[in-house]
Amino acid sequence: TVDHLIKAGDIFTCAGGFVVEDPELGKYLDKIDGSPDSAEGLPVAPLRAMLKRAAAPAVTHILFDMDGLLLDTETAYTVVQQEIP
């Protein structure tokens, strides 16, 4: 079995060292909890969903509030200035 894995070469490209579809190792596999993707790494569907949620839209506008008219930042500014030695 080990010789088969080395000859096939899959063990050099898989994080777990083998693929669950391997015919030689399949006879030792009792069951898979989840999808084959989840046994080999992250399941594809949840991974795609996470990537879509993580992708932020491009920044199209920037607002500078230099005088504090829109946001009262004086309190935060004062606290930070007091922390600086």
Side-chain angles (χ1 to χ4, degrees):
T1 301
V2 174
D3 292 333
H4 162 74
L5 293 173
I6 293 172
K7 185 176 180 181
D10 291 337
I11 61 171
F12 303 113
T13 60
C14 297
F18 63 91
V19 293
V20 295
E21 295 92 356
D22 186 283
E24 289 287 319
L25 297 175
K27 56 188 171 190
Y28 301 107
L29 183 62
D30 181 36
K31 71 175 185 170
I32 297 175
D33 290 332
S35 68
D37 295 329
S38 63
E40 295 175 2
L42 287 175
V44 174
L47 177 60
R48 284 189 178 139
M50 287 188 292
L51 289 173
K52 284 182 182 178
R53 281 189 293 177
V59 176
T60 58
H61 298 78
I62 298 175
L63 178 64
F64 291 97
D65 182 23
M66 302 301 280
D67 60 0
L69 182 63
L70 299 174
L71 299 172
D72 179 15
T73 56
E74 185 176 353
T75 304
Y77 176 80
T78 304
V79 169
V80 170
Q81 283 296 96
Q82 290 174 352
E83 292 290 323
I84 298 174

Could you walk me through whether Q81 and I84 pass the side chain to side chain contact (heavy atoms under 4.5 Å, CB included) check?
-> CA-CA 5 Å; Q81 283 296 96; I84 298 174; 3.6 Å; yes
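- The 12-atom threshold is not exceeded at CD1 of I62, counting heavy atoms of other residues, nucleotides or ligands nearer than 6.0 Å.
- With rounding to the nearest 0.5 Å, the separation of CZ in R48 from CG in L51 is 9.5 Å.
- Within a 6.0 Å sphere centred on CD of E74, heavy atoms belonging to other residues, nucleotides or ligands number 12 at most.
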